[in-house]
Amino acid sequence: MAASSLGQTEINWDKLDKSKFYVVGAGIFTGLTVGLYPVSVIKTRLQVATRDTVEKSASSVIRGILKTDGVPGLYRGFGTVITGAVPARIIFLTALETTKVTAFKMVEPFNFSEPTQAALANGIGGMTASLCSQAVFVPIDLISQRLMVQGYSGHEKYNGGLDVARKIIRTDGIRGFYRGFGLSVMTYSPSSAVWWASYGSSQRIIWRLLGQGTDREEAAPSKSTIMLVQATGGIIAGATASCITTPLDTIKTRLQVMGHERRSSARQVVINLIKDDGWTGFYKGLGPRFFSMSAWGTTMILAYEYLKRLCVKDE
């Protein structure tokens, strides 16, 4: 894409009012989490379902939750997630944007095609951001997932996030909050890298197909066109990342929700999955995860790009 057009579709980190970006961003992403959180609950329950579990489809899980707990059941663990989401998101976005700027400078001398440069820079940024935010995210993820599946398929019941934390400390100490940390890094870091790489490169391919950056097309695209391209990029990125990383996510989730008395290693989880469901067991919850990553990715990126436009510094 021509520099003039590209400048209309992407806003660099150094042009943003950081204070406004963080404050407004916290509100926007909290709203998005409210809307999409139930999908995570459904996905998590599907991933921990055993051979004897009655509810084995997304629709049956939803019916079961509504029957026993009503709509609030779809938001189990939500308070814990929101508490940790703001600092984790700040760390993630700061690392993402600063790393992307550096990564673009690193790959520029190699004269790769523009989609390849975007894939590499965005991928490096996404992976780095995920690695930096895992220290905050993993304990929050572990507690929220235990709340999501409490009382389901034989899992222990809790009296809120603090009760989960107390029991983890009592049985495993502080290190218990990082159960599955290695798998979380192996899941979320590649997932984030694939997502952002797919998003960055697919955008540029789409722009090229639309004729941007060619001699015959120099006019800047409209805001509606920019949003449509960004949304399409988010869907492609979510679909790609979910298909590649769901097996690791299934293993990680099973490890994290196990109580002290049911402890297993990652190897044993893999063996049990294959024994109960065959190789398809690794893709339990793929539908909700696919929807979640695509829906979250699309709404998140539209909100994120809107937020960046909203927080541009006055010249």
request  = Evaluate side-chain contact (heavy atoms from CB on, under 4.5 Å) for Phe21 paired with Leu93, printing each intermediate quantity in order.
outcome  = CA-CA 10 Å; Phe21 179 80; Leu93 294 180; 4.0 Å; yes

Stepwise side-chain contact (heavy atoms from CB on, under 4.5 Å) check, Phe137 with Ile91 = CA-CA 10 Å; Phe137 180 74; Ile91 294 170; over 6 Å; no

Side-chain contact, heavy-atom cut-off 4.5 Å: [X] with [Y]?
{"X": "Leu142", "Y": "Ile168", "value": "yes"}
{"X": "Phe29", "Y": "Leu32", "value": "yes"}
{"X": "Asn122", "Y": "Lys100", "value": "yes"}
{"X": "Phe282", "Y": "Val270", "value": "yes"}
{"X": "Thr99", "Y": "Ile124", "value": "yes"}
{"X": "Phe110", "Y": "Leu120", "value": "no"}
{"X": "Thr98", "Y": "Thr128", "value": "no"}
{"X": "Thr102", "Y": "Lys105", "value": "no"}

query = Quick one: is the NZ or CZ of Lys18 closer than 6.0 Å to the six-membered ring centre of Trp13, and within 45° of its axis?
reply = yes

For the side chain of [X] and the backbone of [Y], is there at least one donor-acceptor N/O pair under 3.5 Å apart?
{"X": "Thr246", "Y": "Cys243", "value": "no"}
{"X": "Thr94", "Y": "Ile90", "value": "yes"}
{"X": "Tyr75", "Y": "Val34", "value": "yes"}
{"X": "Lys20", "Y": "Leu310", "value": "yes"}
{"X": "Ser201", "Y": "Ala197", "value": "yes"}

Matching residue for Glu156 among Arg146, Gln150, Lys167 - test: side chain to side chain donor-acceptor pair (under 3.5 Å) =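 Only match with Glu156 under side chain to side chain donor-acceptor pair (under 3.5 Å): Lys167.
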
note = Of Ile206, Leu302, Thr298, the one forming a side-chain contact (heavy atoms from CB on, under 4.5 Å) with Gln230 is Leu302

request  = Among Asp249, Thr245, Leu248, find the one that has a side-chain contact (heavy atoms from CB on, under 4.5 Å) with Ser191.
outcome  =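 The option that passes is Thr245.
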
request  = Answer yes if Leu162 and Ile174 sit in the same cluster of Ile, Leu, Val, Met, Phe, Trp and Tyr residues linked by side chain heavy atoms under 4.5 Å apart, and no otherwise.
outcome  = no

query = Is Ile251 reachable from Trp279 through a run of hydrophobic residues whose side-chain heavy atoms are each under 4.5 Å from the next?
reply = yes

Which pair of heavy atoms, one from [X] and one from [Y], lies closest together, and at what distance?
{"X": "Ser144", "Y": "Val81", "value": "CB-CG2, 3.4 Å"}
{"X": "Leu273", "Y": "Arg254", "value": "CD2-CZ, 3.8 Å"}
{"X": "Tyr37", "Y": "Gly77", "value": "OH-C, 3.1 Å"}
{"X": "Tyr199", "Y": "Gly234", "value": "CD1-N, 3.7 Å"}
{"X": "Val136", "Y": "Ala88", "value": "CG1-CB, 4.0 Å"}
{"X": "Ala239", "Y": "Ser242", "value": "O-OG, 3.0 Å"}

task = Under the side-chain contact (heavy atoms from CB on, under 4.5 Å) rule, what do Arg175 and Phe181 come out as? Steps first, then yes or no, please.
result = CA-CA 10 Å; Arg175 64 181 295 182; Phe181 180 77; over 6 Å; no

ask   = Does Lys308 pair with Glu97 as a salt bridge, N-O distance under 4.0 Å?
value = yes

query = Salt-bridged, Asp69 to Arg76, with N to O below 4.0 Å?
reply = yes

key: Stepwise side chain to side chain donor-acceptor pair (under 3.5 Å) check, Ser222 with Thr225   = CA-CA 5 Å; Ser222 65; Thr225 302; 2.8 Å; yes

From [X] [atom1] over to [Y] [atom2], what is the distance, rounded to the nearest 0.5 angstrom?
{"X": "Asn159", "Y": "Arg166", "atom1": "CG", "atom2": "CZ", "value": "8.0 Å"}
{"X": "Asn111", "Y": "Thr116", "atom1": "CG", "atom2": "OG1", "value": "12.0 Å"}
{"X": "Thr250", "Y": "Lys43", "atom1": "OG1", "atom2": "NZ", "value": "7.5 Å"}
{"X": "Ile205", "Y": "Glu114", "atom1": "CD1", "atom2": "CD", "value": "10.5 Å"}
{"X": "Arg179", "Y": "Thr171", "atom1": "CZ", "atom2": "OG1", "value": "9.5 Å"}
{"X": "Lys67", "Y": "Arg63", "atom1": "NZ", "atom2": "CZ", "value": "10.5 Å"}

Does the side chain of [X] pick up a donor-acceptor pair with the side chain of [Y] at under 3.5 Å?
{"X": "Ser189", "Y": "Ser192", "result": "no"}
{"X": "Ser113", "Y": "Gln117", "result": "no"}
{"X": "Tyr188", "Y": "Ser133", "result": "no"}

Verdict with supporting geometry, Ile301 and Trp196, side-chain contact (heavy atoms from CB on, under 4.5 Å) = CA-CA 10 Å; Ile301 204 64; Trp196 285 99; 3.6 Å; yes

task = May I ask you to check whether over 12 heavy atoms, not counting those of Tyr306, lie within 6.0 Å of atom OH?
result = no

